[in-house]
Chemist: 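For reference, the structure I am asking about is given below.
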Amino acid sequence: RRFSGRILPLTADGNAEIRTAAFGALSGVARVDDLPALFVLLDGAESGVVALVQKAIVAAANQLIPATTRAEPLVQAIKTSSRPERIVELLPQIGGPQALAATIEQFESPATEPKAAAFRALVRWPGSDAADRLFAIFASGNETYRNQAYSGFVRQISTSSQPDDQKLLQLRKTLAKISTIGDRRILIRALERIKTFQSFLLAASFLDVAENASEAAGAVMRLALPTPGKRDGMSGALVRNALTKAQQVLKGPQSGDDKE
């Protein structure tokens with residue numbers, strides 16, 4: 001990384017091949033001390049090299065110790081940048097409370113491009129820290145953001161490290177707001193990844209929704225059956241009744257792959 005002082009000036013070289021090679025090498029040599037210069041470079045970068053400069057910024061910022069300080073240079077740079085959206089896009093790769101707070105702040109701003117970049121960042125946020133904000137956006141009913149906020153919320157909850165009962169509790173919050181076939185499909189697929197009796201019952205409730213009955217039937221069958229190598233199959237009268245209904249659905253004209 002001691003070569004960054006040689007590589008950075010070459011991004012302005014008169015030879016196109018040298019410039020291209022310099023931009024490609026930035027992420028491998030960038031240091032924390034290079035961040036101010038990298039932010040300036042990012043502001044004026046042509047679209048073809050923006051991603052390379054962004055990669056270098058993330059590489060440099062992630063060298064900061066402790067990790068809780070890594071968002072600070074980006075948050076400060078956003079305030080003076082002529083293209084703040086280019087920095088906002090990087091915040092999920094830095095993570096942490098400060099980065100998330102800055103992302104939410106940009107989403108609430110009236111500026112179109114930073115707002116759009118902040119929304120994309122929230123949807124891509126690792127873990128489930130942004131889930132509450134995504135749910136609020138989804139619940140607000142704003143048609144511009146509703147669908148992506150919903151799918152992002154469900155994905156972040158489903159893939160989080162939360163206990164299964166907490167995941168289900170979070171997903172239940174969407175029931176009062178979902179209204180389309182696609183909404184229900186996303187929820188059913190998420191429920192299938194939570195192998196609990198309560199999740200089974202919620203998935204089974206969609207057997208009575210004609211447009212989603214086939215998907216619900218498949219989910220119910222897979223939830224009830226034991227996982228290979230485990231003894232986690234479900235039993236009981238409610239399970240039998242739901243499985244009977246699921247089998248009836250799968251024997252219908254829209255049985256799909258699960259009929260086999």
Side-chain angles (χ1 to χ4, degrees), residues 54 57-58 61-62 64-72 74-75 78 85 87-109 114-180 182-203 205-206 212 215-216 219 222-223 227 232:
Q54 289 176 319
I57 289 172
V58 171
N62 278 333
L64 282 164
I65 297 174
T68 52
T69 65
R70 291 174 181 170
E72 180 64 23
L74 282 77
V75 172
I78 287 171
E85 68 277 4
I87 303 173
V88 172
E89 292 173 354
L90 307 180
L91 292 173
Q93 298 179 60
I94 304 300
Q98 186 179 16
L100 180 57
T103 303
I104 293 172
E105 181 180 352
Q106 291 300 310
F107 177 73
E108 293 174 346
S109 74
K115 186 181 186 75
F119 178 67
R120 292 192 299 271
L122 289 171
V123 172
R124 296 197 302 264
W125 207 267
S128 59
D129 290 343
D132 285 346
R133 185 60 186 174
L134 286 173
F135 179 79
I137 296 169
F138 160 64
S140 72
N142 187 313
E143 290 300 321
T144 302
Y145 306 110
R146 178 197 182 277
N147 291 345
Q148 288 188 63
Y150 171 64
S151 60
F153 169 78
V154 172
R155 178 188 60 78
Q156 289 184 14
I157 293 299
S158 299
T159 59
S160 74
S161 59
Q162 297 181 35
D164 284 347
D165 59 343
Q166 289 300 311
K167 289 182 181 180
L168 185 59
L169 188 64
Q170 291 287 329
L171 293 176
R172 278 185 180 278
K173 296 194 303 186
T174 67
L175 290 173
K177 295 291 183 179
I178 60 175
S179 58
T180 69
D183 288 346
R184 293 188 290 269
R185 179 180 297 122
I186 289 170
L187 180 57
I188 290 168
R189 288 174 178 172
L191 292 172
E192 189 178 327
R193 293 193 289 269
I194 304 174
K195 197 172 178 64
T196 68
F197 182 63
Q198 292 301 319
S199 181
F200 172 87
L201 292 179
L202 184 53
S205 70
F206 291 103
N212 294 100
E215 291 156 330
R222 286 185 283 271
L223 281 166
T227 305
D232 57 359

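Residues take their numbers from the sequence shown, with the count starting at 1. The basis for the numbers below is simple: all heavy atoms, side chains too, and nothing from hydrogens, waters or symmetry mates.
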Chemist: Could you tell me whether a side-chain N or O of Ser158 sits under 3.5 Å from a main-chain N or O of Arg155, the two making a donor and an acceptor?
Modeler: no

Chemist: Work out which heavy atom in Pro114 is nearest to a heavy atom in Val88; give both atom names and the distance.
Modeler: O-CG1, 4.4 Å

Chemist: Please lay out, stage by stage, how Lys173 and Asp132 fare under the test side chain to side chain contact (heavy atoms under 4.5 Å, CB included).
Modeler: CA-CA 11 Å; Lys173 296 194 303 186; Asp132 285 346; 4.1 Å; yes

Chemist: So for atom NZ, which belongs to Lys177, do other residues, nucleotides or ligands contribute more than 12 heavy atoms lying within a distance under 6.0 Å?
Modeler: no

Chemist: Measure from the ring center of Tyr145 to the ring center of Phe119 and say whether it is less than 6.0 Å.
Modeler: yes

Chemist: When rounded to the nearest 0.5 angstrom, what distance separates CD1 in Ile194 from CD in Gln162?
Modeler: 9.5 Å

Chemist: Would one find more than 12 heavy atoms of other residues, nucleotides or ligands at under 6.0 Å from atom CD of Gln166?
Modeler: yes

Chemist: Quick one, Gln98 and Leu74 - any side-chain contact, counting heavy atoms below 4.5 Å?
Modeler: no

Chemist: Let me confirm one number: the CG-CZ distance from Leu191 to Arg184, rounded to the nearest 0.5 Å.
Modeler: 13.0 Å

Chemist: For a quick test of reading the model, state the closest non-hydrogen atom pair linking Arg185 to Asn212 and the distance between them.
Modeler: N-ND2, 3.7 Å

Chemist: Any non-hydrogen side-chain atom of Leu134 less than 4.5 Å from a side-chain atom of Trp125?
Modeler: no

Chemist: Less than 4.0 Å between a side-chain N and a carboxylate O, is that true for Arg120 and Glu85?
Modeler: no

Chemist: Determine whether a donor-acceptor pair (N or O, by modelled atom type, separation under 3.5 Å) exists between the side chain of Ser128 and the backbone of Ser160.
Modeler: no

Chemist: If you round to the nearest 0.5 Å, how far is CZ of Arg70 from CD1 of Ile94?
Modeler: 8.0 Å

Chemist: Please name the pair of heavy atoms, one in Ile157 and one in Ala131, separated by the smallest distance, quoted to 0.1 Å.
Modeler: CD1-CB, 3.8 Å

Chemist: List the atom of Arg124, the atom of Glu89, and the distance in Å for their closest heavy-atom pair.
Modeler: NH2-O, 3.5 Å

Chemist: Nearest 0.5 angstrom please: Thr103 OG1 to Arg133 CZ, how far?
Modeler: 11.0 Å

Chemist: Do Leu187 and Leu175 make a side-chain contact, defined as non-hydrogen atoms from C-beta onward lying under 4.5 Å apart?
Modeler: yes

Chemist: Just wondering, do Arg146 and Asp183 contact through their side chains at under 4.5 Å, heavy atoms?
Modeler: yes

Chemist: Identify the two heavy atoms, one from Leu100 and one from Ala130, that lie closest to each other, and give their separation to 0.1 Å.
Modeler: CD1-CB, 4.0 Å

Chemist: Check whether any side-chain heavy atom of Asp165 sits under 4.5 Å from a side-chain heavy atom of Gln198, and report yes or no.
Modeler: no

Chemist: Any side-chain heavy atom of Leu91 sitting closer than 4.5 Å to one from Ile78?
Modeler: yes

Chemist: Rounded to the nearest 0.5 Å, how far does CG of Leu122 lie from CD1 of Ile104?
Modeler: 6.0 Å

Chemist: Nearest heavy-atom pair of Val123 and Gln148: which atoms, and what distance?
Modeler: CG2-O, 4.0 Å

Chemist: Taking side chain as C-beta onward, heavy atoms only, is Thr69 less than 4.5 Å from Pro66?
Modeler: yes

Chemist: Just how far is it from atom CZ of Phe200 to atom NZ of Lys195, taken to the nearest 0.5 Å?
Modeler: 9.5 Å

Chemist: When you check the side-chain N and O atoms of Lys167 and Gln170, is any donor under 3.5 Å from an acceptor?
Modeler: no

Chemist: Can you tell if the side chain of Thr174 reaches within under 4.5 Å of the side chain of Phe135, non-hydrogen atoms only?
Modeler: yes

